[in-house]
Amino acid sequence: MLAMVIDDSKAIRLILGKILKDIGFEVVDAANGVEAMERLKEVGKVELALVDWNMPEMNGYEFVCEVRKDETYKDVRLMMVTTETETSQVIKALEAGANEYLMKPFTKEMIQEKLSIMGISVG
Amino acid sequence: MNISESDFQFITKLVKELSAIALEPGKEYLVESRINPLAQKEGFASIEELVKKLRSEPQNGLRNKVVEVMTTNETSFFRDIHPFETLKNFVLPELIEKREKTRELNIWCGASSSGQEPYSFAMLIKENFPQLDSWKIKYIATDISDEMLKRCRDGIYSQLEINRGLPAAMMVKYFERQGTEWRVKEDLRKMVDFRYTNLSENWPYMPPMDLVMVRNVLIYFDVEMKKQILGKIKKLMRPDGYFFLGAAETTLNLDESFERMNYKQSGCYRLRQG
């Protein structure tokens with residue numbers, strides 16, 4: 001299973017990447033939405049993408065909108081992992097096609113529980 | 001910080017007296033991890049100092065606080081998904097069909113802790129069985145801790161708690177943000193009647209129950225107390241009602257009146273028929 005971590009913070013990419021690897025994913029990452037779109041085209045389908053909201057060039061919300069425009073990626077599970085905690089932001093992300101939403105700070109257990117909610121079975 | 005054997009014995013005796021919960025030798029780590037933060041919060045330099053206070057002033061309100069921290073368990077929304085799936089797919093549809101004439105359902109959640117379980121179940125009902133809006137639903141949730149009951153009634157959760165197990169779509173539908181916390185919306189809060197009950201003492205009156213959830217609690221009691229509690233649950237249940245235990249719990253060798261249902265890891269039981 002292939003997952004993508006999209007966050008402009010290298011530290012967060014490392015932490016989320018390690019959690020996903022521990023769970024059993026292969027992981028690729030990107031530092032913003034533009035890079036993530038390019039990476040998606042390179043690797044083909046990913047099963048899961050964890051997406052930060054605030055990033056340069058293309059933010060996480062715009063990335064979700066872009067991905068959901070393309071039928072090729074309709075099965076990709078998208079989860080926002082962000083410091084944005086306003087109810088209106090959560091609703092906006094879900095309406096744009098995010099499958100789940102997790103507010104930072106997070107733990108490995110929270111990630112696992114959210115994956116389970118999205119129907120991704122974890123070890 | 002290591003707890004001394006005599007302090008450990010003092011705490012386990014106190015907890016057993018006030019809640020019947022049996023903390024076996026080997027649970028020193030658990031006592032330490034729960035009592036240490038309490039000692040700091042109450043201004044004691046160590047667990048030893050806290051126990052000294054309890055020994056010198058037996059009627060001090062600290063006793064209840066010790067019992068509360070020892071009987072409160074970490075939980076999350078929709079903890080162990082299997083019982084909720086079983087309730088949604090099998091148990092509630094069956095009960096709704098059977099109670100179609102009376103349009104009444106009585107439900108009891110026997111250890112509500114900080115409220116995630118009763119509220120998860122309330123959300124499950126709202127999401128999947130809108131027809132029950134017009135039914136008379138008596139939904140009682142009980143706990144031994146006054147502090148936890150207050151938390152349940154307030155229905156306020158930190159961001160860390162709200163992140164645990166709750167689908168985001170339900171979070172925005174059933175909770176409202178208050179600063180850095182999230183509060184259960186009023187219509188969901190009003191569904192649940194939170195009450196004090198010590199499972200090891202006499203239980204206050206409750207109506208005959210269609211559905212009983214006493215999950216992840218029996219494991220803390222000794223065999224005799226488990227048998228007593230199961231006996232009382234049996235009397236409380238309607239003959240065709242259902243009963244849920246935690247996945248690691250069983251009625252086996254305790255009470256043969258219960259029959260385990262073959263629903264995947266859900267800890268679902270009913271009374272043996274005939």
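We name chains A, B, ... by the order of the sequence lines, and we start the count at 1 in each one.
Remark: the backbone N or O of Met103(A) is paired with a side-chain donor or acceptor of Asn163(B) at under 3.5 angstrom. Lys114(A) places a side-chain N or O within donor-acceptor distance of the main-chain N or O of Leu166(B), the cut-off being under 3.5 Å. Listed for the Glu113(A) side chain is no donor-acceptor partner under 3.5 Å among the backbone atoms of Pro167(B).
Residue Lys185(B) places its NZ atom among more than 12 non-hydrogen atoms of other residues, nucleotides or ligands, all under 6.0 Å distant. By the neighbour-count criterion of 12 heavy atoms within 6.0 Å, atom CD of Glu147(B) is sparsely surrounded, having that number or fewer from other residues, nucleotides or ligands. Environment of CD in Glu71(A): sparse, with no more than 12 heavy atoms of neighbouring residues, nucleotides or ligands closer than 6.0 Å. Around atom CD of Glu97(B), no more than 12 heavy atoms belonging to other residues, nucleotides or ligands sit under 6.0 Å away. No more than 12 heavy atoms of other residues, nucleotides or ligands lie within 6.0 Å of NZ in Lys27(B), so this atom counts as exposed by the packing criterion. Surrounding CD of Glu26(A) are at most 12 heavy atoms belonging to other residues, nucleotides or ligands under 6.0 Å away. Around the CD atom of Glu186(B), the shell of radius 6.0 Å holds no more than 12 heavy atoms that belong to other residues, nucleotides or ligands.
Contact check on Glu86(A) versus Arg177(B) returns a salt bridge, with a Lys/Arg side-chain nitrogen under 4.0 Å from an Asp/Glu carboxylate oxygen.
Here the NZ atom belonging to Lys173(B) is positioned 12.5 Å from the CG atom belonging to Leu94(A), to the nearest 0.5 angstrom.
Contact detail for Thr85(A) and Trp182(B): the closest heavy-atom pair is O-CZ2, 3.3 Å.
No side-chain heavy atom of Ser88(A) sits under 4.5 Å from any side-chain heavy atom of Val172(B). The closest side-chain heavy-atom distance from Leu160(B) to Met110(A) is below 4.5 Å.
No other option in Ile91(A), Ile117(A), Val90(A), Thr107(A) has as many heavy-atom pairs under 4.5 Å with chain B as Ile117(A).
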